[in-house]
Amino acid sequence: MLTRRAHPSSPHLSFFVIENREQRKTEIIECNAGITSTYRRGLYASVDMPLDADVFQVPSGYNAPQQVHITQGDYDGAAVIVSWVTADEPGSNTVKYGKSKNNLELSAEGHVRQYKYYNYTSGYIHHCVLKNLEPDSTYYYALGENCTVRVFSFKTPPVPGPDVPYTFGLIGDLGQTSDSNITLTHYKANKDAAAILYTGDFSYADDYPNHDNVRWDTWGRFIESSAAYQPWIWSVGNHELDYAPEIGETTPYKPMLNRYPTPYKASGSTEPQYYAVRRGSAHIIAFASYSAYAQYTPQYQWLQAELQKVDRKVTPWLIVIMHAPWYNSYNYHYMDGETQRVLFEAWMVQYKVDVVFSGHVHAYERTHRISNIDYNITNAKCSPVSNNNAPVYITIGDGGNIEGIITNMTEPQPSYSAFREGSFGHAIFDIKNRTHAYYTWHRNQDGNAVAADSMWFTNRYFNPTNDS
């Protein structure tokens, strides 16, 4: 008989006891069963910041541009999509930009739109693409007119290449609570991070009566202090659906698609919810957990084609971002991503994806490199096994949203789970070169400098060691 028991001297170790009753023999095998952090963030409620919070303040001046944010505008990082809102009238669609703050000699024309949602009418939402940007360069850009011009800046990535160092931030399920504010403040203190990979669930406006879209405006002003200066690369979550037939709203993703564009056409996608970009030495695939993905759907066919396009000799780091995790040892949203895992996990192994980041579960977890691709309904091989070609799966849905943290975990900790903790925070994925990247996760209560979890990644293409 095989039983697993907690190690008496080390909480992150366990041992298996094999008892042979006929021979009256007991064998003890020690193994690393992963770490369940002893830290628990308090279970007090996360409350959205009040509407008069300083991070929600409307910029001074008539019709001043607000909710400014940028994202990558093409496949390789030579374009940026600039988005903003004007509240009083459409105003100017022009973005003036250049490499000198005092000489914005270039300009581009965008377009403006509005949408209505139940009893809410949006401001005037502008989107403008800045093209043919020089690599590894700082650009300044100005929005607005007359006395309400606002100036921001961003840095373009280097030309994609195998040894290009690049640092990404990771945030998911952010919302707009006081905990959200701590998460974003800590992230901004990391001066090396150059872009955010966002794993879905933006404003949580749908948690308010009639999906109060005012909370989309406050969230846009809240993230502006980061998103106006570096691209946020979006993955879409369930809280962006805003599907509410009870109030006559039957168009999925209406607020999100009006406010947060993606460069989906550049990678051959047919929908903004799923797309791919190359940035530095990384090829990033944003997968949509809540758009059709069954066999022969557009997303299925697009993902298959996109994985075949990846050139690891140019962009060795293959990163996937999505919302619903495939591996999750919390009792919250357990197996929500199972149908996607069954359909696509073999591709993650075949193409040797380095890491998959997801959100949805409001806690933190990192797995070992494992897969469950051999299972079928007749062979009973239903337990994940170590697989050096498989990605590490990281759940980072702990940005700080109003629905609170999750601490209810399955016990004992599954063998695939390397580290888990119920607290809010953000992560950093720091690519050093074609072979190594350093990953850290920072819980809010420790401040930015402390890494509560960390791992040296070795690249699956150039240096596939047993790193997890």
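FYI, side chains are in, hydrogens and waters are out, and symmetry mates aren't considered; it's all heavy atoms of this structure. The shown structure was predicted, so the numbers you read here are calculated from the model rather than taken from an experiment.
Although no hydrogens or angles enter the test, the distance criterion places no donor-acceptor pair under 3.5 Å between the side chain of T199 and the main chain of M322. In this structure a side-chain-to-backbone donor-acceptor pair under 3.5 Å is present from S267 to A276.
Pairs of residues two or more places apart, or lying in two chains, that qualify as salt bridge (charged side-chain N to carboxylate O under 4.0 Å, His left out) and include a residue from residues 298-314 are E306-K309, R312-D354.
Note on ring orientation: taking the six-membered ring where Trp is involved, the planes of Y364 and Y439 are parallel (angle under 30°, cut-offs 30° and 60°). Aromatic ring orientation, W216 versus W219: perpendicular (interplanar angle above 60°, classes split at 30° and 60°). Taking the six-membered ring for Trp and thresholds of 30 and 60 degrees, W234 and H69 have ring planes more than 60 degrees apart, a perpendicular arrangement. Aromatic ring orientation, Y300 versus W347: tilted (interplanar angle from 30° to 60°). Ring geometry, Y438 versus W456: the interplanar angle falls from 30° to 60°, so the pair is classed tilted. Y293 and F287 have tilted rings, their planes meeting at an angle from 30° to 60° on a 0 to 90° scale.
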- Kindly determine whether R259 and D217 satisfy salt bridge (charged side-chain N to carboxylate O under 4.0 Å, His left out), including the steps that lead there. CA-CA 10 Å; R259 294 171 181 268; D217 292 318; 3.1 Å; yes
- Do K155 and E134 pass the salt bridge (charged side-chain N to carboxylate O under 4.0 Å, His left out) test, and can you show the C-alpha distance, the side-chain angles, and the key distance before you say yes or no? CA-CA 10 Å; K155 187 175 182 180; E134 294 183 15; over 6 Å; no
- Dump the intermediate steps for ring pair (Phe, Tyr, Trp, His ring centres under 6.0 Å) on H442 and H186, then the final yes or no. CA-CA 8 Å; H442 306 264; H186 286 177; 8.8 Å; no
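Between P261 and S83 there is a side-chain heavy-atom pair separated by less than 4.5 Å. The closest side-chain heavy-atom distance from V55 to R221 is not below 4.5 Å. Residues H436 and T458 have side chains in contact (heavy-atom distance under 4.5 Å, counting atoms from C-beta outward). The closest side-chain heavy-atom distance from Q66 to W84 is not below 4.5 Å.
Of the N and O atoms on the side chains of R420 and T36, at least one donor lies less than 3.5 Å from an acceptor on the other residue. No side-chain donor-acceptor contact under 3.5 Å links Y166 and D430. Checking R369 against N389 by side-chain atom types alone, no donor-acceptor pair falls below 3.5 Å. Side chains of Q413 and S417: a donor-acceptor N/O pair is present below 3.5 angstrom, by distance only.
Paired with Y198 under the rule side-chain contact (heavy atoms from CB on, under 4.5 Å), one option of V236, L174, I321 passes, and it is L174. None of P231, P158, P160 except one satisfies the side-chain contact (heavy atoms from CB on, under 4.5 Å) rule with R279; the exception is P231. Each of F154, Y229, Y97 was checked for a ring-ring contact (aromatic ring centres under 6.0 Å, His included) with Y141, and the lone residue meeting it is F154.
Between H362 and Y332, the distance separating the two ring centers is shorter than 6.0 angstrom. Taking the ring centroids of Y327 and Y416, they lie under the 6.0 Å cut-off.
Applying the 6.0 Å contact sphere to NZ of K352 captures no more than 12 heavy atoms from other residues, nucleotides or ligands.
Between D76 and R278, at least one side-chain nitrogen of the basic residue sits less than 4.0 Å from a carboxylate oxygen of the acidic one, meeting the salt-bridge criterion. Using a 4.0 Å cut-off between a side-chain N of Lys or Arg and a carboxylate O of Asp or Glu, D74 and K265 do not qualify as a salt bridge.
Pairing each heavy atom of F429 with each of A437, the nearest pair is CZ-CB, 3.8 Å.
Applying the side chain to side chain donor-acceptor pair (under 3.5 Å) test to R341 and every residue at least two apart in sequence or in another chain returns E338, E345.
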